[in-house]
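Hydrogens, waters and symmetry mates play no part in the numbers below; they use all other heavy atoms, side chains included.
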Amino acid sequence: MLEMKVPSPGESITEVEIAQWLVEDGDYVEKDQAIAEVDSDKATLELPAEASGIITLKAEEGDAVEVGAVVCLIDTDAAKPEGAASDAPAEKSTPAEEKKPAKEEKSPAKDSYATGTPSPAAKKLLDEKGIDPKSVSGTGRDGRITKDDAQKATPSMGTPGNGSRGTERKKLSMLRRKVAERLVAAKNETAMLTTFNEVDMGPIFELRAQYKEEFKAKHGVSLGFMSFFTLAVVRALELYPDVNSMIDGDYQIKHDFKDISIAVSGPKGLMVPVIRNAENLTFRGVESEVKRLAIRARDGKITVDEMTGGTFTISNGGVFGSMLSTPIINPPQSGILGMHNIVERPIVKDGGIVVAPIMFVALSYDHRIIDGRESVGFLVAVKEALESPTDLLMNNDVKRALEL
């Protein structure tokens, strides 16, 4: 009999939660078959069977289990059953109940009606309004609801209509609970402030229109907005290193590397994988890494290590249509840049009004270690790089920067 224990998903993680069993108690499982999904406070991971055999579950869905604890047993001596398991016999009907006659209801007298009974025309009107006849006082004979009563009836604010009013109570996953805890901590434990600006995305639109097909044909990835924003952030962090730091008690810790966290939506909720040493990457390098991490997050294969240790975060709410937001800092980082949707807006350029593709951008920062000069200067530096990408991000050599 093999005892399967909870493996460690990563450093500092002491327990996981059984999110879902993918097999039933008593099933025959094959070695390396996924038997469960387990949540840690950083990711959801699959638990593969360590051997083939009959499985006995030792934990329930929703249980918090310590790393190293036994979660199931596998009888490795059990023979693999032949064919599919037979279906459970159908429940027998109860003839006595079937033959039992229904109680006859006494019909009301032909010319009399029960109190509150609507006429056919009144019932139709009440059904259309979604009003329960029991809530209407009838003025007809014996309290019968007339068509006029139905026309005058209005639904009470406290009276439920005919639509569904069901509710569902569902326990949050460990990952979602940890995200909630971190977001509340960021609001309560940092002096968070947000500054805003706008970016004319016209120059980037022109570059992408001219080179995106050639770029994709050569490198196998699209020339998107993330590479421009990531490299603009790297440049701004060089100019304003306080934004690339964190606070630890009475100390400020500055980093000489730029590990950029990117917020992406995965099947289990928000994931924040990290682009390591983004300062060493080209446009192709950033786009390739963004694609790789996004696919791993989408497929639920992202690891704890891939989401740990960023120094600054970029969040793109624009993909969902957000016009403007105040992003929340991702602790222990001190800054996060929020991207938003791109909308054609009238702006003044060279003394005249023109229409340009504009994006609002937001920087939330920890005011305990980042002052207004640094925060505003950082965001202006990002704006300048995005509006003059050929000069400030490509050293005036587009083809070389895009490796074409």
Side-chain angles (χ1 to χ4, degrees), residues 1-98 164-181 264-271 273 293-307:
M1 189 73 70
L2 172 69
E3 292 185 338
M4 268 197 60
K5 299 179 181 180
V6 178
S8 175
E11 292 183 13
S12 77
I13 297 177
T14 59
E15 70 174 17
V16 299
E17 187 174 280
I18 305 297
Q20 179 183 7
W21 282 109
L22 305 178
V23 296
E24 299 286 343
D25 193 58
D27 282 357
Y28 185 89
V29 298
E30 299 283 357
K31 183 180 180 182
D32 296 328
Q33 175 185 342
I35 60 173
E37 288 183 350
V38 296
D39 282 344
S40 72
D41 58 10
K42 294 182 179 178
T44 298
L45 306 171
E46 286 187 345
L47 186 66
E50 296 176 4
S52 299
I54 299 293
I55 192 168
T56 302
L57 308 183
K58 291 294 185 182
E60 301 287 340
E61 289 185 358
D63 283 356
V65 185
E66 291 186 1
V67 170
V70 176
V71 287
C72 65
L73 305 176
I74 299 179
D75 183 358
T76 55
D77 295 328
K80 183 176 182 179
E82 296 182 4
S86 60
D87 293 328
E91 291 185 6
K92 293 182 180 180
S93 60
T94 53
E97 291 183 4
E98 292 177 357
S164 173
R165 293 176 56 79
T167 57
E168 179 185 4
R169 182 181 176 88
K170 180 181 178 183
K171 186 177 182 180
L172 296 175
S173 69
M174 183 178 285
L175 174 61
R176 176 55 63 185
R177 297 200 305 268
K178 188 63 177 179
V179 169
E181 179 185 318
V264 298
S265 180
K268 297 294 182 179
L270 184 69
M271 304 284 183
L293 293 171
I295 290 174
R296 288 179 62 77
R298 181 196 65 196
D299 295 344
K301 296 180 179 179
I302 203 80
T303 66
V304 173
D305 289 341
E306 288 173 314
M307 295 192 293

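- Glu60 contributes atom CD, which lies 9.5 Å from atom CH2 of Trp21 (distance to the nearest 0.5 angstrom).
- Counting all heavy atoms, side chain and backbone alike, Ser52 lies closest to Tyr28 at CB-OH, 3.7 Å.
- Of the candidates Val16, Leu47, Val70, Val16 is the only one forming a side chain to side chain contact (heavy atoms under 4.5 Å, CB included) with Val6.
- Closest of all the heavy-atom pairs between Ala34 and Glu46 is CB-OE1, 3.7 Å.
- Formation of a donor-acceptor pair under 3.5 Å by the Asp63 side chain with backbone atoms of Ile18 is not found in this model.
- Nearest heavy atom pair, residue Thr76 against residue Ala51, reads CG2-CB, 3.8 Å.
- Considering only heavy atoms from C-beta on, Thr56 stays 4.5 Å or farther from Asp75 through its side chain.
- Rounding to the nearest 0.5 Å gives a distance of 12.5 Å between CD of Glu66 and NZ of Lys5.
- The shortest non-hydrogen separation linking Glu30 to Ala49 is O-CB, 3.5 Å.
- Here Glu3 pairs with nothing under the salt bridge (charged side-chain N to carboxylate O under 4.0 Å, His left out) rule; sequence neighbours left out.
- A 4.5 Å side-chain heavy-atom check between Ile302 and Met307 finds at least one atom pair inside the cut-off.
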**Asked** Taking it one step at a time, do Met4 and Ile74 satisfy side chain to side chain contact (heavy atoms under 4.5 Å, CB included)?
**Response** CA-CA 7 Å; Met4 268 197 60; Ile74 299 179; 3.7 Å; yes

**Request:** Check the pair Lys31 / Glu50 against side chain to side chain contact (heavy atoms under 4.5 Å, CB included), numbers first and verdict last.
**Result:** CA-CA 6 Å; Lys31 183 180 180 182; Glu50 296 176 4; over 6 Å; no

**Prompt:** Can you check side chain to side chain contact (heavy atoms under 4.5 Å, CB included) on Leu293 and Glu306, steps first, answer last?
**Reply:** CA-CA 8 Å; Leu293 293 171; Glu306 288 173 314; 4.2 Å; yes

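- Of the residues listed (Asp27, Val71, Leu22, Ile55), the one engaging Ile35 in a side chain to side chain contact (heavy atoms under 4.5 Å, CB included) is Ile55, and it is the only one.
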**Asked** For Leu73 and Lys58, what are the C-alpha separation, side-chain angles and deciding distance, and is it a side chain to side chain contact (heavy atoms under 4.5 Å, CB included)?
**Response** CA-CA 7 Å; Leu73 305 176; Lys58 291 294 185 182; 3.5 Å; yes

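- The shortest heavy-atom contact between Asp39 and Ala19 is OD2-CB, 3.7 Å.
- Not a single salt bridge (charged side-chain N to carboxylate O under 4.0 Å, His left out) links Glu61 to another residue, sequence neighbours left out.
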